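As structure tokens, the structure follows; a few thoughts come after it.
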Protein chains: 2
Amino acid sequence: ICIVQFTTKSSQCAYQNKIYKEKTQQDPREQAFNTPSQRVQFILGTEDDDLEHVPHDLFTEMDELSFRAGCATEWKETARWLKFEEDVEDGGERWSKPYVATLSLHSLFELRRCITNGTVLLDMRPIALRRFMVASGQLKEDLYNKVREAMLKKHHHQNERKLSNRIPLVRSIADIGKKHSDPFLLERNGEPSKVGVSREGSSVDFSKVDMNFMKKIPPGAEASNVLVGEVDFLEKPIIAFVRLSPAVLITGLTEVPVPTRFLFLLLGPHGNGPQYHEIGRSMATLMTDEIFHDVAYKAKDRTDLLSGIDEFLDQVTVLPPGEWDPTIRIEPPKNVPSQSKRKRPSQPNGTASPAGELEKEEEHSVHCSLVQCGFKKQARKLL
Amino acid sequence: ICIVQFTTKSSQCAYQNKIYKEKTQQDPREQAFNTPSQRVQFILGTEDDDLEHVPHDLFTEMDELSFRAGCATEWKETARWLKFEEDVEDGGERWSKPYVATLSLHSLFELRRCITNGTVLLDMRPIALRRFMVASGQLKEDLYNKVREAMLKKHHHQNERKLSNRIPLVRSIADIGKKHSDPFLLERNGEPSKVGVSREGSSVDFSKVDMNFMKKIPPGAEASNVLVGEVDFLEKPIIAFVRLSPAVLITGLTEVPVPTRFLFLLLGPHGNGPQYHEIGRSMATLMTDEIFHDVAYKAKDRTDLLSGIDEFLDQVTVLPPGEWDPTIRIEPPKNVPSQSKRKRPSQPNGTASPAGELEKEEEHSVHCSLVQCGFKKQARKLL
């Protein structure tokens, strides 16, 4: 388990300083790689005896704290991802078609900051978060109780409204099971909660599950839960990225009964809702990315995660602000280029690899990462 | 005129060091602004008595050195921009429809490096480049002669092939005028070339101009010429960003008879053609951006240009690699959001501005720039 002190940097240069320091100091693993791409390829190549680090398919759900008369009342599912993003639309009445997640580079950089400065807990046994967050200084004990209270608000899934409209009885049954909804498994005498620990757990209330959607989720899939929200008791945001080991089925948290492996939590003061929403979308989109997804399963520390973000950034396509309206939803293309080239090291120059435009293109896209300032032969030539 | 020594950094951290240094050293103008956005707004607000810094509409053309049997034979127009990108297609037979320029973030960062490390000449009188490039140490005298030779290759425009196929006579006439094609106005006894200095210059061969396209170019428009290519006599790329003052009509350089204000030159060794092509597209797309375009006209130094790039980066939309095929051309949307919000400072928090979601969204997009590590109140809260 890796616990890192949460710190607030007010310096203008915190972000660049951070990168600068990361590249020049200490960490021997960091020194061994010229580019995030190289580091990511190394991470993906690591084999663990531990089954806990074998990547599974992921279902990602984003819930946001909603407000009624200024008070947080419940978490509402606002978006979900299998491969593409789907948003809850029309005041919760229906799901959008899946679409290509158009993110802002700005939010991606904000997310990078969150991972840089927030709490990162890898392979946390599914017991209390409290001891880590309080011990690491991110939260004072009294604030933690408020965070806990916010976390324990009921999770409302888009699907529930639909079903409960049809069969009111189901809702009452669901409500009976509500006392088991303990999303962060807050400790009970230090023992892990016994509720719904396995995917086959009998406590799953299948009447609440959209079986048509459930069919699309591959067997063995795990969940990644992105929780973002505004609260009135925090002066600055708190951030946590958590990988649970083992994954655990948390009743009521996810719309489908799959065990949760990853939790991303961002709670902060009022007034920044749209910002938190975009950061949450960025996190969820990263979790959906084939390569970052594997990095998230295999990461040993925060820096591995940051390399994963940087490698992703180095591969993105950019639309200029004056040429595109970011609110337009782009339909998923029929085919998406294979991402497998991101997994393996590119051919070194001079080997007997087939020449030609394609190869050149590939070298170009794989070789160098200027985002994170590492860059290999080709990029150096450019200087 | 600002001349900066071209240096080759082999250090892994050149890029980040550069940013880091830029943020912490010397330049008082740099220190005065927290974000690239603030600096850009300051630059746009400056008024010059000098008419030379009043932004004009721009036509941008990209020409690339083409090869036959390994030798550079001529510059070929490969793309052009009024608002959206159009590419020469089908081996030069026709123009693509205008489309949204999907760039790679990678190339944009490479372009940033180019502007950071290349020669930047602002308000250069249209005389020899040689004295600057040789004096600044970017090129040795003997290499410059080769660069000069490459630069003097004929420029072939997509349109010419079409017309010359139809009227072979026109081509011969064009060839007669070829001796005037001196794209970089290489000095003749230190005197500026007298050829076609005005927009109305009589040396324009209108038989070569596509009058249908010319109609789309607003009166008073100027040209920005992006020239990229592979050559066999350079071991590392040479880069120049030049703003001419006054703008000058350079016969044969641009497909339409408008005076050239900006030149971007990137010549480098073989094997990196696709990379240079993408950097050229990034440069041309920036020149097409409403805000960067104004910054380019008003910039006082290299740092102003870099702020312009960073402000642009902070506004871009990102498509994840696994969800989009970057070779797909995106049709221009019917409406593009106004970029005017990028020109004016955002409302400080706490003023009596109308509240609501829209305002919040706008604050969010204007306030903070994490790309260049500057960030204001909202972003600070996030830490």
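What you see below is based on every heavy atom in this structure, not just the backbone, and it leaves out hydrogens, waters and symmetry mates. Quick caveat: nothing in here was measured; it's all calculated off a predicted structure. Within every chain, numbering begins at 1; the chains are lettered A, B, ... in the order of the sequence lines, protein sequences first and strands thereafter.
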Practice item. Please identify each residue that fulfils ring-ring contact (aromatic ring centres under 6.0 Å, His included) with H293(A), with sequence neighbours left out. Key: Y297(A)
Practice item. Under 4.5 Å heavy-atom distance to chain B, tell me which part of K334(A) shows up: side chain, backbone, both or neither. Key: neither
Review point. CG of L313(B) to CZ of F109(A): how many Å apart, nearest 0.5 Å?
Key: 7.5 Å
**Study point:** A101(B) backbone acceptor or donor facing E323(A) side chain under 3.5 Å
**Key:** yes
Check your understanding: So which of T317(A), D325(A), T327(A) has the biggest tally of heavy-atom pairs under 4.5 Å with chain B?
Key -> T317(A)
Check your understanding: Side chain, backbone, both or neither: which part of L286(A) has a non-hydrogen atom closer than 4.5 Å to chain B?
Key -> neither
**Study point:** Heavy-atom contact with chain B under 4.5 Å, split by part of Q339(A)
**Key:** side chain
Practice item. Could you tell me which non-hydrogen atom of D289(B) sits nearest to which non-hydrogen atom of P321(A), and how far apart they are? Key: OD1-CG, 4.0 Å
Check your understanding: Pick from P332(A), G268(A), P320(A): which one has the most heavy-atom pairs with chain B under 4.5 Å?
Key -> P320(A)
Review point. Please walk me through it: do L105(B) and D314(A) pass side-chain contact (heavy atoms from CB on, under 4.5 Å)?
Key: CA-CA 6 Å; L105(B) 183 58; D314(A) 208 35; over 6 Å; no
Practice item. Measure the shortest side-chain to side-chain distance between P326(B) and P337(A) over non-hydrogen atoms and say whether it is less than 4.5 angstrom. Key: yes
Review point. Is chain B contacted by the side chain of I328(A), its backbone, both, or neither, given a heavy-atom distance below 4.5 Å?
Key: side chain
**Study point:** Per-residue contact mode, I291(A) against chain B (heavy atom under 4.5 angstrom)
**Key:** neither
**Study point:** Smallest separation among heavy atoms of W324(B) and I330(A), with atom names
**Key:** CZ3-CG2, 3.4 Å
Exercise for review: Go through V336(B), N335(B), L108(B) and name the one with the most non-hydrogen pairs under 4.5 angstrom from chain A.
Suggested key: V336(B)
